[in-house]
Amino acid sequence: PKAEEILNISQENAKKIRIDRLLQLDEKERIRIFHELKKKKNIDHFEVDYQRNDDKNLILELTAFIILDENKDVLGAVTLVNDLTEKKKMDDYLSRVEKFAALGRIVSGIAHEVRNPLASIYTTVQNLENELSENNAARDDLQNIMQEIDRVEKLIRQILNLAKPLPLQIETVDINELLRTTIPLIEKEAKKRGITLKTALSGDIEYTKADPNRLRQVILNLLINAIESTAKRGKITVSTEMVAESDGQTKWMLMKFKDNGIGITPDILDKIFDPFFTTKNVGTGLGLSVSHKIIQDHNGMIEVESQKNKGTTFSVKLPILG
Ligand SMILES: Nc1ncnc2c1ncn2[C@@H]1O[C@H](COP(=O)(O)OP(=O)(O)O)[C@@H](O)[C@H]1O
Ligand SMILES: [Mg+2]
């Protein structure tokens with residue numbers, strides 16, 4: 001009966017099909033199993049990929065016990081089927097989390113090692129600049145160097161943030177106000193590229209407890225991505241709204257960042273939150289992973305919906321905490 005459920009097949013139908021067909025064994029698997037059974041051995045934990053008639057892909061584990069008659073000849077075998085699909089998924093997820101943690105430790109080690117010499121290079125360049133006369137042409141070069149060092153330093157800070165974030169600095173936050181003060185920071189860049197930035201902020205957004213600086217970082221990351229993915233005459237809309245769960249108790253505030261840019265193809269949609277995943281020539285691939293981590297730390301959710309060449313919407317849901 002359990003097998004009927006796993007395989008989505010009725011007992012009636014199952015009886016009509018031979019076991020190797022039933023389990024979609026390929027030639028190699030079939031031969032191996034029959035070989036083992038002939039040698040009067042049981043089959044232990046044999047894994048097969050199985051595509052069910054509703055197109056669901058399963059990973060099944062087979063265990064078979066042979067039945068011998070009194071002459072020790074093989075009469076048949078009892079096969080047990082176990083559905084490993086969920087367990088496998090969990091194992092994959094855990095190994096990803098572990099890999100991520102290990103990567104974090106390595107990266108943060110390197111980042112710390114790079115940071116100190118970088119700081120002393122910066123100070124040296126700054127001293128050099130101070131020693132030069134006002135109209136010395138080398139000043140520009142030195143300033144360029146300092147700008148580049150700033151860029152690297154910022155990148156390192158992001159990486160460290162991801163690997164080992166500082167504790168949240170929780171305050172009462174008015175999300176609409178936070179958006180109103182954050183959007184102007186990138187408005188000029190949007191204008192320069194001929195992109196329209198609109199807001200549709202709901203009047204009844206409740207205050208919540210959050211770390212405003214971290215949230216600002218998320219808002220900027222999402223807006224910068226939207227700008228970078230949108231061509232001239234593009235449109236970006238930032239909106240807020242309150243949503244209540246059906247229990248009427250839990251309330252969330254929802255921020256949406258909608259653009260009509262290049263969109264994201266389905267095959268990379270589940271990778272964009274991975275650290276260092278980027279499709280850009282000069283991207284760091286950190287914006288979304290940092291944002292995801294920050295929202296997770298707030299017990300919120302960040303989700304994406306996208307259509308190639310149509311546009312992308314990122315939704316950030318934060319719990320309302322009194
Ligand atoms: N609004 C968007 N429209 C289209 N693609 C996006 C958008 N936001 C993110 N992406 C995709 O997700 C990837 C990862 O984004 P992110 O983590 O911010 O790194 P980066 O911007 O440095 O590439 C981008 O390279 C891009 O392919
Ligand atoms: Mg980005």
Show, in sequence, the C-alpha distance, side-chain angles and deciding distance for Arg216 and Thr181, and conclude whether the side-chain hydrogen bond (donor to acceptor under 3.5 Å, both in side chains) test is met.
CA-CA 9 Å; Arg216 172 168 290 151; Thr181 56; 3.0 Å; yes
| query | Please walk me through it: do Ser315 and Leu254 pass side chain to side chain contact (heavy atoms under 4.5 Å, CB included)? | reply | CA-CA 7 Å; Ser315 306; Leu254 187 62; 4.1 Å; yes
Residues Arg115, Glu153; criterion side chain to side chain contact (heavy atoms under 4.5 Å, CB included); working and verdict: CA-CA 7 Å; Arg115 217 175 187 189; Glu153 160 68 21; 3.1 Å; yes
- Before giving the answer on side chain to side chain contact (heavy atoms under 4.5 Å, CB included), spell out for Thr284 and Thr278 the whole-Å C-alpha distance, their side-chain angles and the decisive distance to 0.1 Å. CA-CA 7 Å; Thr284 60; Thr278 182; over 6 Å; no
Quiz item: Stepwise, does the side-chain hydrogen bond (donor to acceptor under 3.5 Å, both in side chains) test hold for Ser239 with Lys258?
Solution: CA-CA 8 Å; Ser239 60; Lys258 184 173 157 59; over 6 Å; no
(request) Could you check Glu171 against Lys209 for salt bridge (charged side-chain N to carboxylate O under 4.0 Å, His left out), going step by step and ending with a plain yes or no? (result) CA-CA 5 Å; Glu171 298 170 22; Lys209 295 258 194 253; over 6 Å; no
side-chain hydrogen bond (donor to acceptor under 3.5 Å, both in side chains) between Lys317 and Asn299, intermediate numbers included: CA-CA 9 Å; Lys317 221 162 103 176; Asn299 296 317; over 6 Å; no
Given the rule in the side chain to side chain contact (heavy atoms under 4.5 Å, CB included) test, do Tyr207 and Ile320 qualify, once you have shown the distances and angles that lead to the verdict? CA-CA 7 Å; Tyr207 292 6; Ile320 296 291; over 6 Å; no
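In terms of modelled atom types and a separation under 3.5 Å, the side chain of Asp211 and the main chain of Leu168 share no donor-acceptor contact. Looking at Asn260, its side chain never comes within 3.5 Å of a backbone N or O of Gly234 through a donor-acceptor pair. When atom types are taken as modelled, the side chain of Thr199 and the backbone of Val238 share no donor-acceptor pair closer than 3.5 angstrom.
Ring geometry for His292 versus Phe273: interplanar angle of 30 to 60°, hence tilted.
Taken together through direct or relayed side-chain contacts under 4.5 Å among Ile, Leu, Val, Met, Phe, Trp and Tyr, Ile175 and Ile170 form parts of separate hydrophobic clusters. No single ILVMFWY cluster, assembled from side-chain heavy atoms under 4.5 Å apart, contains both Val243 and Met253. Note on Phe314 and Ile186: same hydrophobic cluster, where clusters join Ile, Leu, Val, Met, Phe, Trp and Tyr whose side-chain heavy atoms are under 4.5 Å apart, directly or indirectly. Hydrophobic clustering, with ILVMFWY side chains joined whenever heavy atoms are under 4.5 angstrom apart, keeps Val304 apart from Ile262. When the side chains of ILVMFWY residues are joined at heavy-atom separations under 4.5 Å, either directly or via intervening members, Met255 and Met301 end up in two distinct hydrophobic clusters.
For the atom pair Ile121 CD1 and Met146 CE, the distance stands at 13.0 Å (nearest 0.5 Å).
You'll find the side chain of Glu187 reaches within 4.5 Å of the side chain of Leu197, heavy atoms only. Taking 4.5 Å as the limit, every side-chain heavy atom of Tyr122 sits out of range of all side-chain heavy atoms of Ile145.
Considering every non-hydrogen atom in both Leu269 and Ser306, the closest pair reads CD1-CB, 4.3 Å. Thr240 approaches Leu201 most closely through the heavy-atom pair OG1-CA, 3.3 Å. Ser120 and Pro117 make their closest contact through OG-O, 2.9 Å (heavy atoms, listed as atom of the first residue, atom of the second, distance). Pro212 and Gln169 make their closest contact through CD-O, 3.8 Å (heavy atoms, listed as atom of the first residue, atom of the second, distance). The two residues Leu132 and Ala138 make their nearest non-hydrogen contact at CD1-CB, 3.9 Å. Minimum interatomic distance between Ile295 and Ile302 (heavy atoms only, all atoms of both residues): CG2-N, 4.1 Å.
A salt bridge links Glu129 to Arg139: one of the charged nitrogens lies within less than 4.0 Å of a carboxylate oxygen. Note on Lys293 versus Asp297: salt bridge recorded, some NZ/NE/NH1/NH2 to OD/OE distance being below 4.0 Å.
Residues satisfying the salt bridge (Lys or Arg N to Asp or Glu O under 4.0 Å) test with Lys192, not counting sequence neighbours, are Glu189. Evaluation of the ring pair (Phe, Tyr, Trp, His ring centres under 6.0 Å) rule for Tyr50 yields no partner, not counting sequence neighbours.
Enclosure of atom CD in Glu113 is not indicated, since only 12 or fewer non-hydrogen atoms of other residues, nucleotides or ligands lie within 6.0 angstrom. Within 6.0 Å of atom CD in Glu305, 12 or fewer heavy atoms from other residues, nucleotides or ligands are found, so the atom counts as exposed in its surroundings. Atom NZ of Lys191 has 12 or fewer neighbouring heavy atoms from other residues, nucleotides or ligands inside a 6.0 Å radius.
Between the side chains of Asn82 and Lys87, no donor-acceptor pair of N or O atoms lies under 3.5 Å.
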